[in-house]
Amino acid sequence: MCLILTCYAQTCAKYAFSSNRVFKSCTDLPVLNSFLHYNYDVSGKLEIAYRHTGITSSRWIAWAINPTSKAMVGSQALVAYQLSDGSMRAYTSPITQYQTQLQEGELSFDVSDLSATYSNNEIIIFATLGFPNNDTTLNQVWQEGAMSGNTPQMHATSGPNVQSMGTLNLLSGQAGTIGGRTSTQRKQNVNSWGAKRSELGYLDAIRCYNSKVLKVFKSADPAWFYLHASCQFSAYVVGVAGWSTGLKLGSESPGIQYDAHRTSGIILFCLGTLQVFALLVRPKPDHKYRVYWNIYHHLVGYTVVILIVINIFKGLDILEPEKKWKNAYIGVVIALACSGVVLEAHTWFLVLRRKRSESAGKMSHGINGAHGNGVNAHTANC
């Protein structure tokens, strides 16, 4: 059995195939415990053996060439996995979209002698490829993921699984990733921080809660409302700028799509938009529908705050930054939450004290009025 530590220690040069096949060239791929062995003929014939070690029979592997770009979409893949009956399946699959299920199909170049083996926690794909244009530098992509029955599932969208692409020079045997971390991942990082900028724009609205606290002071009316509305609108503008930046970078970078994070971001943008435009239909304080508007306004506002916190955590999980950044964000969230609780408690304290004062004033006025009426009546009788 191939243990994880020994798999990392392996090099392709020391490997001997049990089938007595011999490959003149090989390269240790930088991630996913993968190795590529090959024989290249200047006529355009490429014989390969792609090995993926430290893997179970419940997972699929793939190795691909992208003739057009350094990206996942457009890749021409060789896929292999073990069927539930124990036999191996190897086939070709052109990748036309990010959410692919690795459907079988013909590639843009010839493929022959395609087969796969599984033994000692290692899957090997064998194939012979034909390149009519005799390219000697290839864009390669390799990947692995889980199986559900006999159906390949989506691979992981973080860590080594988004770094498994690079170039291969068939003549020198030199292989490398695209810029260390892939250009896709770098753009995704920028894109993700663009999304963070959007969410932090909405998060600025939390600080505007201070202006809302001023509402309990009659002398601050209507200044508190204009301050609250101005803060919310400026936060929305910052949010739109960040969200637009994220969309622009996303359209330019062929990266992995994070569905949960993306969906949450869209929901946040929609709710933020509704919250801002709700100000245009805000009923007057004495209107019979004002109570319903208040319920809606507070419900959407608190929902946005909660989703922001959750979605930023999702973004941090995707980016996998140093732990100190996540700890810093947790500290900010705790500080904001404590500030909100204190301000909310103080607001209710002021409101209740005012109501008690008003109630006491009315009671005192009532007693004095009744006493005065009694004196007047006694005087009249006299």
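Residues passing the ring-ring contact (aromatic ring centres under 6.0 Å, His included) test with Tyr289 are His287, sequence neighbours excluded. In terms of the salt bridge (charged side-chain N to carboxylate O under 4.0 Å, His left out) criterion, Arg21 has no residue partners (sequence neighbours excluded). For Val237, the side chain to side chain contact (heavy atoms under 4.5 Å, CB included) criterion is met by Phe233, not counting sequence neighbours. The side chain to side chain donor-acceptor pair (under 3.5 Å) search around Ser87 returns Asp85, not counting sequence neighbours. In this view, Ser58 and Thr56 satisfy the side chain to side chain donor-acceptor pair (under 3.5 Å) rule, not counting sequence neighbours. Evaluation of the side chain to side chain donor-acceptor pair (under 3.5 Å) rule for Thr68 yields Asn66 as partners, not counting sequence neighbours. Evaluation of the side chain to side chain contact (heavy atoms under 4.5 Å, CB included) rule for Leu352 yields Arg356 as partners, not counting sequence neighbours. Listed by chain and number, the residues in a side chain to side chain contact (heavy atoms under 4.5 Å, CB included) with Gln82 are Ser57, Met88, Tyr118 (sequence neighbours excluded). Taking the ring-ring contact (aromatic ring centres under 6.0 Å, His included) definition, one finds that Phe23 meets it with Phe17, sequence neighbours left out. Evaluation of the side chain to side chain contact (heavy atoms under 4.5 Å, CB included) rule for Pro94 yields Gln76, Leu107 as partners, not counting sequence neighbours. With sequence neighbours excluded, the residues forming a side chain to side chain donor-acceptor pair (under 3.5 Å) with Glu144 are Arg59, listed by chain and number.
The two residues Ala80 and Ile123 have their closest heavy-atom pair at CB-CG2, 4.3 Å. For Asn139 against Ser69, the heavy-atom pair with the smallest separation is ND2-O, 3.4 Å. In terms of heavy atoms, Leu102 sits closest to Tyr91 at O-OH, 2.8 Å. Looking at every heavy atom in both residues, Met165 comes nearest to Met72 through CE-N, 4.2 Å. Of all non-hydrogen atoms in Asn169 and Thr137, the two that sit nearest each other are ND2-OG1, 3.9 Å. Residues Val111 and Ala127 approach most closely at CG1-CB, 4.4 Å, considering heavy atoms.
In this structure, Thr92 contributes its side chain and Gly105 its backbone to a donor-acceptor pair below 3.5 Å. Between the Ser93 side chain and the Ala77 main chain, no donor and acceptor come within less than 3.5 Å of each other. Here the side chain of Asp28 pairs a donor or acceptor atom with the backbone of Cys12 at under 3.5 angstrom. At least one donor-acceptor pair closer than 3.5 Å links the side chain of Ser164 to the backbone N or O of Trp142. Counting only distance, with no hydrogens or angles, the side chain of Trp63 and the backbone of His52 share no donor-acceptor pair below 3.5 Å. Tyr81 places a side-chain N or O within 3.5 Å of a backbone atom of Asn150 that can act as its donor or acceptor partner.
Two different hydrophobic clusters hold Val22 and Tyr40 under the rule that ILVMFWY side chains link at heavy-atom gaps under 4.5 Å. One hydrophobic cluster, built from ILVMFWY side chains closer than 4.5 Å, holds both Ile312 and Ile334. No single ILVMFWY cluster, assembled from side-chain heavy atoms under 4.5 Å apart, contains both Tyr292 and Leu271.
Here Ile125 contributes atom CD1 and Arg51 contributes atom CZ; the two are 13.0 Å apart, rounded to the nearest 0.5 Å. Atom CZ of residue Phe126 and atom NE2 of residue His37 lie 9.0 Å apart, to the nearest 0.5 angstrom. Taken from OG1 in Thr27 to CD in Gln140, the straight-line distance is 7.0 Å, to the nearest 0.5 Å. How far OH of Tyr38 is from NZ of Lys24: 12.0 Å, rounded to the nearest 0.5 Å. Remark: Tyr50 OH to Phe35 CZ distance equals 9.5 Å, nearest 0.5 Å. Distance check: Ser25 OG to Leu168 CG gives 9.0 Å after rounding to the nearest 0.5 Å.
Annotation: side chain of Lys326 is in contact with side chain of Phe313 (closest heavy-atom distance under 4.5 Å). Contact check for Leu32 versus Gln143: side-chain heavy atoms found under the 4.5 Å cut-off. Inter-residue side-chain proximity for Thr53 and Asn121 is flagged as unmet; no heavy-atom pair is nearer than 4.5 Å. You'll find the side chain of Leu46 reaches within 4.5 Å of the side chain of Leu138, heavy atoms only.
Heavy atoms from other residues, nucleotides or ligands lying under 6.0 Å from CH2 of Trp325 number 12 at most. Within 6.0 Å of CD on Gln153 lie more than 12 heavy atoms contributed by other residues, nucleotides or ligands.
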*asked:* Is there a side-chain hydrogen bond (donor to acceptor under 3.5 Å, both in side chains) between Glu122 and Tyr15? Walk through the geometry before answering.
replied: CA-CA 12 Å; Glu122 179 180 75; Tyr15 188 83; 2.7 Å; yes
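With Ile48 as the partner, the side chain to side chain contact (heavy atoms under 4.5 Å, CB included) test is satisfied by one option alone out of Thr128, Asn39, Leu78: Leu78.
Through direct or indirect side-chain contacts shorter than 4.5 Å among Ile, Leu, Val, Met, Phe, Trp and Tyr, Ile306 is connected to Ile310.
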